[in-house]
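Values in this document were obtained by computation on a predicted structure and should not be read as measured data.
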Amino acid sequence: MDLLNDSDSANGANEFVDLEFTYADADTHLNEIAELYSYTEHNEFQLNVKAFEDQMEMYKLKPLWQQLSKEQHISIILKLIDQLEVLDNTMRMKAARTLLYLAQGCWVEVQSDEEQQSLSRYNVMLLYRSGVFQAFIELLNLEIENATTANVAIRKIAVSLADSVDLRVILSVLYIITEVMRAEKEISESEYKDLLEAFVQEISQPIGDELLAVKLLGMITRFCSGSAPHFPMKKVLLLLWKISLVSLGGTDTLKRLKNEYRVREGLPVITEDTLEVSKTMRASSPPPTAGNDDNIPKRSRPFRRVRNIVISESLMKQSSLDEQEQLGMELEAQNAENEDDIPDYYRQLDDPMNGDKNGSALNETEFHKQPSIAASIPPSQHPTLPWAPKVRQKDIYQFMDISRRKFIGYSLPDNCETTAGLPKPICEGINILKRHLYTSLADVQIKREEEITRNPLTKGEDEVPINPTEILYQAILPNLPQYMISLLKILLAAAPTSKAKTESINIMADVLPEDMPMTVTQSTKLGIDVSRHKEIIVKAVSAILLLYLKHFKINHVYQFEFMSQHLVFANCIPLVLKFFNQSIMTYVGSKNIIPIMDFPSCVIGEQPELTSDLVIGDSEPYSWRNIFSCINLLRILNKLTKWKNSRIMMLVVFKSAPILKRTLKVRHAMMQLYVLKLLKMQTKYLGRQWRKTNMKIISAIYGKVRHHLNSDWAFGNDLDARPWDFQAEECTLRTCVDRFNNRRYFSQISNAVRFPDQTNLSNQNTGLNSIDNGVFNGIENELNINNILNSENLIENDDAFDLTKEFKNNYETWLKEEVYCANPIDWNEILKEPNLILINEIKNSIHYSTYFMKSG
């Protein structure tokens, strides 16, 4: 039986091959364009050619674009833009289809993919320079507000491709222009640099009355609410992703902005980059029990006592707060292991920086017998960790406080300089901690917010820097909870683990044809198209959420926390875990693609008849978009839970450990790194039995994840991990976020509260409650003096404020008693004990002072 199990394990291990996947902001330009179209849309490509030929016949020109001069190109494009403004919808859409054909690269006249891409690039730059992008934004506005189309779609039992024909043409043109600009942005010395800068500037600013990203988010919420079921969600999401990626910037922009902001705050630049370091790592072998957590094989061979004694001696040298428990755990683990497995069980982790995959690590017996071997190894050959360790300021305070109480018997809160009376080893340890101290941008921003909160009058708000991220946050702030809920609804509907009966929305409206397939080949093609459609939607949603989280975190940590909290409130954490609770190897290796059906291969040259033999997947051993989606979702989960004990407990409650453990089957270093991070943060809650049976994972965490010195992550002795503090932790964070939003974006919040019918925040509490016209805001109804002083109503209604006749007759007495001879106001008491009577007195004082200033 053991031989059979070992044989099965060996066969299973052969299935796990290293994936040569390179993570990037997006896939290749050719693949990104191909994913815009569903396979069921291919019949519409000929409609674009027909529209182009009709227009050329109208202009009395040959339908050969490449034979025309540049002046003729510009003239034709300007005529088509004028035609977009006519009243007849048929004429408008004929011009739109002609422009779509030009953006697609006039594929009838080309012989190769490279020629098509080159012509598409030339045409797109010509279209944008002529004003086509702005014209199609106006067309999009018309179609969004087209009530007739929406009403017809609502009454239909099943919405199909035919209900979104015009919208798909418009969105396709906008997407192709944006994607070509994104690809152009990656070229260092581009000849279209001026057009690229103008495009980025245009999409970063409101177009008309709102940002294009906000317009697209509004389309998503309308789709999810059921008022516009015909909206083609895949194209909307892809356009939103690329618009956000081009306007905000990708990985390189994030890295540059982070270092710029750190230098501005007087912090050192960061030289380590997670994406770059993970490229040098080597993927680990999956845990032996990753596929079956419940059926752990039992070893029947007796354990030799001599090995037990050796390992006991080595373990006695370890020291930790949980020493006795750990010692017992390790000794018990030996009884369950075969003698032949122990060197591998306790061997050093295959470190990606080591270079020797089968390193000959000495076992404990040989090491004790030959103590000179360790000294003879050159320093350069010692295994090194991929990361430099970090220490938070909070960790230094905690270490010094514990040391002072232990050796001296007193404490100095928030003091890390005084070391009087502490032993020399403790002082050396403090110096080591300080040498690895890391101060994040978030720490600096939180500290500044605390100072403003303590001193609201003397510490005013600094001038808010205007950048694309700040503009986007201000635009989506009033309806951000609604946007997050809508994106997660679509992610749930597109997840492979979702059942059809549980889907509240139909995301297949832009992939299902009017006529169902009649042959086996057509059915197979439609099945692949539906699965491909879902995968692309997951890819787009995960990329949008991650991009927003990363940019908000750099711009201001409370912007990031606001978005994070509403993702958590909308059940993002269990949703992501539900996504990974599947056969992850099947998902990563899926072949939901038909290469000959991808654009432009499906329209260039003679096309073979589609048969079952041609309906085959790609030759790659993995799906690029699926691994991209998995890594994005893991990164989102990390960002939501990092240093948040209440959310880490959610991972434990939802039993994420076995799900994440199965995900380690995917042999990709970067993906495994984010899985190990998630396992590391919850290890302290999983108990001794889990740690005992998953020592290989513990070793992988030690070897691949960054260390925080004096972090007791594996044993559950963290003082911050007390369950009764979790509720207070989340409430305190929400109070700080609400205070930040109320002070910095008061006008937007007050407008959202005054007109609740515009926000329609479902059943989610936005935390932007308002009492007394914005004076009291937040879950604790905390007082914000700046809201009182800056209240628009106080300024607008001064003339309408009525003073009593008694006050007018005795205002000189009031001046003497309340102004000239009044006692100083104790602002600390006001902030500590706010009440409506006191607030009314302050408001009256402001009104009276304004009245007398005007009278004077």
Side-chain angles (χ1 to χ4, degrees), residues 22 24-39 41-42 44-46 48-49 51-52 63-68 70 73-74 76-77 96-130 132-133 136 168-169 171-196 199-200 234-235 238-239 241-243 245-246 250 532 536 539-540 593-607 618-620 624-625 628:
T22 303
D25 292 325
D27 203 350
T28 62
H29 175 66
L30 194 64
N31 289 340
E32 293 294 341
I33 291 292
E35 290 180 351
L36 174 65
Y37 308 104
S38 300
Y39 295 152
E41 292 182 78
H42 285 189
E44 298 181 9
F45 288 144
Q46 300 302 324
N48 302 340
V49 181
F52 173 74
L64 296 174
W65 182 257
Q66 296 187 77
Q67 295 182 6
L68 302 176
K70 185 174 182 179
H73 291 164
I74 296 175
I76 292 172
I77 291 172
R97 282 198 176 276
T98 303
L99 291 170
L100 174 58
Y101 174 73
L102 297 180
Q104 289 173 339
C106 302
W107 39 266
V108 171
E109 305 176 32
V110 300
Q111 301 297 323
S112 66
D113 294 354
E114 292 75 16
E115 191 178 352
Q116 180 269 335
Q117 289 186 63
S118 177
L119 189 54
S120 174
R121 176 172 176 256
Y122 166 79
N123 288 346
V124 162
M125 296 304 172
L126 210 57
L127 293 174
Y128 180 72
R129 193 187 296 274
S130 303
V132 169
F133 190 81
F136 270 78
R168 285 186 286 109
V169 171
L171 291 169
S172 295
V173 173
L174 294 174
Y175 179 83
I176 293 173
I177 294 176
T178 306
E179 173 57 26
V180 169
M181 290 293 184
R182 183 199 68 81
E184 196 70 23
K185 197 175 180 181
E186 297 178 351
I187 302 175
S188 56
E189 298 295 334
S190 172
E191 59 182 305
Y192 300 109
K193 187 176 181 180
D194 56 335
L195 287 179
L196 181 58
F199 179 76
V200 173
K234 185 185 79 172
K235 287 181 170 56
L238 285 174
L239 179 58
W241 171 32
K242 295 304 171 60
I243 286 289
L245 185 59
V246 175
R532 173 177 177 266
I536 295 171
K539 170 187 172 182
I593 182 174
I594 307 175
I596 64 169
M597 295 289 289
D598 281 342
F599 182 87
S601 300
C602 61
V603 292
I604 296 178
E606 294 185 5
Q607 299 300 313
D618 198 359
S619 59
E620 291 289 339
W624 195 98
R625 61 172 167 263
F628 178 78

With sequence neighbours excluded, residues passing side-chain contact (heavy atoms from CB on, under 4.5 Å) with Asp27: Asn31, Glu32, Lys539, Trp624
Sequence-distant partners of Glu179, side chain to side chain donor-acceptor pair (under 3.5 Å), two or more places apart: His29, Arg182, Lys242
Test log, rule side-chain contact (heavy atoms from CB on, under 4.5 Å), inputs Leu36 and Glu41: CA-CA 10 Å; Leu36 174 65; Glu41 292 182 78; over 6 Å; no
Distance, nearest 0.5 Å, that separates CG of Leu126 from CD1 of Ile77: 4.0 Å
Contacts of Glu115 that satisfy side chain to side chain donor-acceptor pair (under 3.5 Å) - sequence neighbours left out: none
For Ala24 against Phe628, the heavy-atom pair lying closest together: O-CE1, 3.1 Å
Shortest non-hydrogen contact between Ser172 and Lys235, atoms and distance: OG-CE, 3.3 Å
For the student: nearest non-hydrogen atoms of Leu119 and Gly105, plus distance: CD2-O, 3.2 Å
For Ser120 against Ala103, the heavy-atom pair lying closest together: OG-O, 2.7 Å
Any residue meeting ring-ring contact (aromatic ring centres under 6.0 Å, His included) with Phe45, in chain and number order, not counting sequence neighbours: Tyr37, His42, Phe599
Results of side chain to side chain donor-acceptor pair (under 3.5 Å) for Glu44 - residues two or more places apart only: Arg168
Worked check of side-chain contact (heavy atoms from CB on, under 4.5 Å) between Leu174 and Phe133: CA-CA 7 Å; Leu174 294 174; Phe133 190 81; 3.7 Å; yes
Closest non-hydrogen atom pair, Asp598 against Ala34: CB-CB, 4.1 Å
Check: Leu195 main-chain N/O paired with Tyr128 side-chain donor or acceptor under 3.5 Å: no
Test item: Tyr39 side-chain N/O and Arg532 main-chain N/O as donor-acceptor pair under 3.5 Å: no
For Ser190, all residues meeting side chain to side chain donor-acceptor pair (under 3.5 Å), sequence neighbours excluded: Glu184
Interatomic distance, Leu171 atom CG to Ile176 atom CD1 [nearest 0.5 angstrom]: 11.0 Å
Between CG on residue Leu245 and OG1 on residue Thr178, distance to nearest 0.5 Å: 10.5 Å
Salt bridge (Lys or Arg N to Asp or Glu O under 4.0 Å) against Asp25, all qualifying residues, sequence neighbours excluded: none
Straight-line distance of Glu109 CD to Leu64 CG, nearest 0.5 Å: 5.0 Å
Salt bridge (Lys or Arg N to Asp or Glu O under 4.0 Å) against Glu191, all qualifying residues, sequence neighbours excluded: Arg121
Tyr175: partners by ring-ring contact (aromatic ring centres under 6.0 Å, His included), with sequence neighbours left out: none
Parallel, tilted or perpendicular, as decided by the 30° and 60° cut-offs, for the rings of Tyr101 and Phe52: tilted
Within-4.5 Å side-chain heavy-atom neighbours: Ser38 and Lys234: yes
N/O donor-acceptor pair under 3.5 Å between Asn48 side chain and Leu100 backbone: no
Heavy-atom pair with the smallest gap, counting every atom of Ser601 and Pro595: CB-O, 3.9 Å
CD-OG1 distance between Gln117 and Thr28, expressed to the nearest 0.5 angstrom: 8.0 Å
Audit row: Ile76, Leu68, side-chain contact (heavy atoms from CB on, under 4.5 Å) steps and yes/no: CA-CA 10 Å; Ile76 292 172; Leu68 302 176; 3.6 Å; yes
All ring-ring contact (aromatic ring centres under 6.0 Å, His included) counterparts of His73, not counting sequence neighbours: Trp65, Tyr122
ring-ring contact (aromatic ring centres under 6.0 Å, His included) involving Phe136 - partner list, sequence neighbours excluded: none
Partner set under side-chain contact (heavy atoms from CB on, under 4.5 Å) for Pro600, not counting sequence neighbours: Leu30, Asp113, Gln116, Val603, Ile604
Verdict with reasoning, Val180 to Met125, per side-chain contact (heavy atoms from CB on, under 4.5 Å): CA-CA 9 Å; Val180 169; Met125 296 304 172; 4.2 Å; yes
